[in-house]
Amino acid sequence: MIDSSASAAADLLLKEAWLLDRKNWPDWLGLYAVDARYWAPAWLNEYDYVSDPETQVSLIYHTDRDQLQERISRIQSRKSITALPLPRTVHIVSNVLIVGSDAEGIDVTASFVVHVFDPRTAREHCHFGHYEYRLKRAAGELSIAAKKIILANDRVPTIIDFYTL
Amino acid sequence: MKLENQMAMLLTDRAEDGNFEISRNVFTDPSIFALEQKYIFEALWTFVGLDTQIPKANDFLTTHIGSQPILLTRKSDGSIGCFLNTCRHRGTVVCPFKRGRQKFHVCRYHGWAYDSDGRNTAVTDRDDGQYPADFDGMDRNLIPVAKLASYRGLIFASLSPDVPPLEEYLGDAATFIDLIVDQSPVGQVEFVPGDVTYTFDANWKLQFENGLDYYHFNSTHSSYVDILKKRAEKSSGDLPQEAASEQEGQGSFSFKHGHAVNWSIKRVSRYARPLSSDPDNFRAVTEKVGAERVKWMMRQRNLTIFPNLQLIDISSSQLRTWRPLSADKTEMTSHCIAPVGESSESRRLRIRNYEDFFNPSGLATSDDNVMYEFCQSGYAAAGGSTLGYLRGLGSARIAQGPHAAELGIEPDEYAFGAPGFGGETNFHAGYREWYRILSEAASK
């Protein structure tokens, strides 16, 4: 069971990347539990990043899926200039490691590079860092209970959003 | 053509005749950028940090003034030091870290050491150096900035000695710093930990304008407005309200030295505010400063201190500064500035609202950043001057109002209009100051 769990967990990470790159927002959101925590902490200094989102600033901190839906709706409304046009993204997710497993779920870490090409300006960026996931089991399926995104290169070029992280 | 004559073509200031024009070149010309660096960003009062960032002796942080690396320290006697972060030996950056606490800063290149007072305390192998006879008489201490002062815990530095005293420079714009600092039960402000730095590929003056621009809010941020509306439908909480006797509208004050502030009076706020979410502190602040001041604290205010500081107090509170990297690239540093001593509930609301609105990873500021880039691209078109600085110059302008008197200030200029006013005369003070400084520089 451990092996198939591990492979299911890794697949989920890659599936998330696939859905984001194809801009399939509804199915992407469907990977998340309703009360999922989505957290990209800010950095405190060269080495330490924020540990307490209640008293420290994060780049993104959401505690339920509705807040991710807000971001999706903002893009779909075509009212935000940040998404007119949307950039092309290629998420590379690698170094996937199962670091914990119990009856409730699986803890997974990974590295990421998101290649972003902005056709508006013919400009490219890479956003890279680490992911820490808590995946939860329910009725034989895995869903994302929590995702932490530690962005290594946090001097943000103009904009970042859920689809470039 | 002589630069002086070129300068004259950059700005047309005939506000009394209803005209104010700015040439596109001011956003794109590298020689203007060079003049700005020398005569504006490296010659005027610049915000460098908060008192509360360096509370204890030997605390330090590093930053920039223009392109010059700066070291800010808490000296051994409790006062503040601010130095050029460059070793006197061969110029290496002495302190490579963003912040910390160190009794000595040792240059890793050849080991010269400095203390928090900026004094050179060690020259490696001094006696074996066969130094010339006058070496000992040479000043080897870190070079201090020309002027250093603070106002209500905001520390400013100037690389040029030719600046008026800080309080004179701020003038009545300081009242709008007070309106933030006095929300603290102990009259102090701090940065919420967590740094956000971002860039945009456009000229710094687009940020300068945008911070004073109410006209763009409903269009640029329409997606954010939609989100706020949906949230208000779902929530049961009361949103802050203005008294029925207050006239709704948007207004601005402009001050000497290029500062300006926008403010907005709305019957019902779009969002909860941290100050009123803490009834105990709200009561304490009201007792301390009076209901009139608290009324102003609850109003949206967007302050720009020329040349590169903005303090915004809306759903949350932000202090942001900018550092132009080139005519078409700007670096922003943004902090959530917060009253020391507010409740943890207020602080949590302040942080969440800050993340929503002010982060480049949020729901609003990123729209501004992308828009600046579209402006910068648009400026490449040989389209002549724009029509962008005219709102408020008409004969219907409102010349009088109660607002300045309520605050006890005497601004150079005042504007007030309907909620849809979107005034543009509040850009004029900054551009006039910009023009005055660069014209003088160009004539040298």
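Sequence lines set the chain letters: A, B, ... in the order given, protein chains first and strands last, and positions in each chain run from 1. Values below: all heavy atoms of this structure, side chains included; hydrogens, waters and symmetry mates excluded.
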Would you say that [X] contacts [Y] through its side chain, given a criterion of any heavy-atom pair below 4.5 Å between the two side chains?
X	Y	value
B/Val196	A/Leu59	yes
B/His221	A/Lys79	no
B/Leu363	A/Arg74	yes
A/Ser80	B/Asp367	yes
A/Asp154	B/Thr197	no
A/Glu46	B/Phe97	yes
B/Glu373	A/Arg120	yes

Which atoms of [X] come close to chain A, meaning under 4.5 Å heavy atom to heavy atom: side chain ones, backbone ones, both, or neither?
X	value
B/Ala338	neither
B/Arg352	side chain
B/Asn359	side chain

Looking at [atom1] of [X] and [atom2] of [Y], how far apart are the two atoms once the value is rounded to the nearest 0.5 Å?
X	Y	atom1	atom2	result
A/Ile60	B/Ser361	CD1	OG	5.0 Å
A/Asn45	B/Lys98	CG	NZ	8.5 Å
A/Glu54	B/Arg347	CD	CZ	12.5 Å
A/Arg71	B/Ser223	CZ	OG	11.0 Å
A/Tyr61	B/Arg348	OH	CZ	9.5 Å

Is the closest basic N to carboxylate O distance between B/Glu331 and A/Arg155 below 4.0 Å? yes
Where B/Pro193 and A/Val50 come nearest, the two heavy atoms and their spacing: O-CG2, 4.3 Å
Side-chain donor-acceptor pair under 3.5 Å between B/Asn369 and A/Thr158, yes or no? no
Most contact-rich option vs chain A, by heavy-atom pairs under 4.5 angstrom, among B/Ala364, B/Ser219, B/Pro360, is B/Pro360
Strictly distance-based, threshold 3.5 Å: is any side-chain N or O of B/Glu355 a donor or acceptor partner for the main-chain N or O of A/Ser58? yes
With side-chain contact (heavy atoms from CB on, under 4.5 Å) as the test, would you mind laying out the steps for B/Arg231 and A/Glu70 before giving the verdict? CA-CA 10 Å; B/Arg231 287 181 186 174; A/Glu70 274 184 345; 2.7 Å; yes
Please evaluate residues B/Asp201 and A/Arg123 with respect to the criterion side-chain contact (heavy atoms from CB on, under 4.5 Å), reporting the C-alpha separation (whole Å), side-chain torsions for both, the decisive distance (0.1 Å), and the verdict. CA-CA 11 Å; B/Asp201 289 351; A/Arg123 207 174 49 188; 2.5 Å; yes
